[in-house]
Amino acid sequence: MSHRVNDDSSSTWETTPPSGDGPEPTSRFSTSGSSASSYEDRSSRSSAYEDDPAPRFHKKKPKKKQPFWKELLVIFSVALLLTVVIQTFVARVFVIPSASMETTLHGCTGCVNDKVLVEKITYLFNDPRPGDVIVFRGPPNWTGGKQPPNFVVGTLQDLGSMVNLSEPSGTDFIKRVIAVGGQTVECCDEEGRVMVDGKPLDEPYLNFGGGPRQQDSFEKVTVPAGKLWVMGDNRNNSSDSRKHGDPTPADGAIPIDNVVGKARVIVIPVGRWGSISDYNPQTGGN
């Protein structure tokens with residue numbers, strides 16, 4: 001009779017031969033040989049590691065610092081790019097060179113011309129309404145056929161005009177919206193007030209230079225669809241829709257597509273900081 005013995009000290013399984021002339025028993029399992037072999041393998045690997053040369057570590061060379069003029073060029077280029085993007089899609093500063101919007105905006109001879117922030121987002125979703133002070137590109141009958149400069153030249157010219165290094169382009173104008181497409185405009189009633197659709201306007205922003213509130217008359221005009229009738233607050237000293245009606249009076253209206261944005265804030269001079277009124281003369285409120 002045979003049995004297996006688990007010897008914890010040797011970790012070896014042994015087989016007791018049976019009595020008699022039976023076949024030779026076979027070994028079930030032995031760990032002694034495998035342990036020795038495993039130890040020899042570890043020893044040989046350890047020796048191999050000891051024979052290997054020590055690993056080499058290469059110290060990284062410090063990056064060479066860019067010349068100052070290159071860093072300055074990068075800063076200037078990024079600043080110019082941001083300026084162009086902001087002025088193209090968000091807001092832009094315009095110089096007011098004429099007195100047609102006195103005293104709402106200063107552009108008089110001998111004074112500091114106002115610089116106004118013109119916001120462009122509003123008119124992506126809504127059309128201008130009566131009372132809005134807008135900047136727009138003058139159509140040919142406003143500019144005498146003068147074409148606006150290309151984008152790059154125009155941007156540089158506008159940047160220069162903000163710091164008084166160059167004159168404004170001369171093709172952009174700023175006026176107040178008086179009537180929109182489909183409405184009729186005429187002047188004037190018995191009190192010298194402009195009328196829209198037969199109703200007199202309430203215009204507290206008007207400037208008559210201390211003289212009587214008397215306006216230059218013009219014939220009744222129906223504003224074409226998709227256009228705006230614009231006039232200056234300095235009513236008798238403004239070359240506006242009344243003066244550019246060529247070949248017909250209605251041609252004095254400007255296309256909505258020419259509107260650049262809405263004048264929101266006076267930014268320069270500092271003493272005139274403040275918002276620009278968009279008082280609606282047709283309804284008598286904002």
With a 6.0 Å cut-off (strictly less than), is the heavy-atom count around CD of Q214, excluding the residue itself, greater than 12? no

Test your reading of the model: is there a side-chain donor-acceptor pair from Q282 to the backbone of I178, 3.5 Å cut-off? yes

Any salt bridge between R137 and D257, counting N to O under 4.0 Å? no

Is there a continuous path of hydrophobic side-chain contacts, each under 4.5 Å between heavy atoms, that joins M195 to W229? no

Nearest heavy-atom neighbours spanning G261 and Y123: C-CE1, 3.7 Å

Using a 3.5 Å distance criterion without hydrogens, assess whether the side chain of Q215 forms a donor-acceptor pair with backbone atoms of G192. yes

Can you check side-chain contact (heavy atoms from CB on, under 4.5 Å) on I254 and V259, steps first, answer last? CA-CA 8 Å; I254 60 107; V259 175; 4.1 Å; yes

Any idea how F173 and F136 line up, ring-wise: parallel (<30°), tilted (30 to 60°), or perpendicular (>60°)? parallel

Do R235 and E203 meet the salt-bridge criterion of a basic N to acidic O distance under 4.0 Å? yes

Is it true that a side-chain atom of R176 and a backbone atom of V133 form a donor plus acceptor pair closer than 3.5 Å? no

C187 versus D216, closest heavy-atom pair with distance: SG-O, 3.8 Å

Any donor-acceptor pair under 3.5 Å linking the side chain of S100 with the backbone of S238? no

Between CG of D251 and CH2 of W142, what distance do you get to the nearest 0.5 Å? 12.0 Å

For T184 and G198, which heavy atoms make the closest approach, and how far apart are they? OG1-N, 4.5 Å

Expected output: side-chain H106 to main-chain N113 donor-acceptor under 3.5 Å: no

If we only count heavy atoms from C-beta on, is the F208 to N236 side-chain gap below 4.5 Å? yes

Assess, by modelled atom type and distance only, whether the side chains of N207 and T103 contain a donor and an acceptor separated by less than 3.5 Å. no

I would like to know whether R193 and L201 meet side-chain contact (heavy atoms from CB on, under 4.5 Å); could you show each step before the answer? CA-CA 6 Å; R193 297 175 296 184; L201 299 181; 5.8 Å; no

Closest non-hydrogen atom pair between Y205 and Y279, with its separation: CE2-O, 4.1 Å

A99 backbone acceptor or donor facing E102 side chain under 3.5 Å: no

So do the side chains of S77 and V74 get within less than 4.5 Å of each other, counting heavy atoms only? no

Does a side-chain N-to-carboxylate-O contact under 4.0 Å join D114 and R272? yes

When you measure from the side chain of N280 to the backbone of G131, do you find a donor-acceptor pair of N or O atoms at a distance under 3.5 Å? no

Pair R242 + D240, salt bridge at N-O below 4.0 Å: yes

Under a 3.5 Å distance rule, please check whether E119 uses its side chain to pair with a backbone N or O of T122 as donor and acceptor. yes

Spell out, yes or no, whether M231 and I134 are grouped together once hydrophobic residues are joined by side-chain heavy atoms under 4.5 Å, including indirect joins. no

Given 3.5 Å as the limit, does a donor-acceptor pair link the side chain of D132 with the main chain of R129, or not? yes

Hey, which of I174, V95, V265, V93 is the one that makes side chain to side chain contact (heavy atoms under 4.5 Å, CB included) with V116? I174

Given R213 and L206, is the side-chain contact (heavy atoms from CB on, under 4.5 Å) satisfied, shown in steps? CA-CA 9 Å; R213 294 178 64 88; L206 288 184; 3.9 Å; yes

Going through the distances and angles, do D278 and K262 end up as a side-chain contact (heavy atoms from CB on, under 4.5 Å)? CA-CA 9 Å; D278 58 359; K262 182 177 182 178; 2.9 Å; yes

Could you give the distance from CG (L117) to CD1 (I268), rounded to the nearest 0.5 Å? 11.0 Å

Count I, L, V, M, F, W, Y as connected when their side-chain heavy atoms are under 4.5 Å apart, and connections chain through other members. Are L228 and V185 then in the same cluster? no

Can you find a heavy atom in the side chain of P128 that is under 4.5 Å from one in the side chain of I256? yes

Take K175 and D233, measure what salt bridge (Lys or Arg N to Asp or Glu O under 4.0 Å) needs, and give me the verdict at the end. CA-CA 8 Å; K175 307 291 179 188; D233 290 356; over 6 Å; no

Where do V221 and P249 come nearest, in terms of heavy atoms and distance? CG2-CB, 3.7 Å

Shortest non-hydrogen separation from V180 to V223 and the atoms involved: O-CB, 3.4 Å

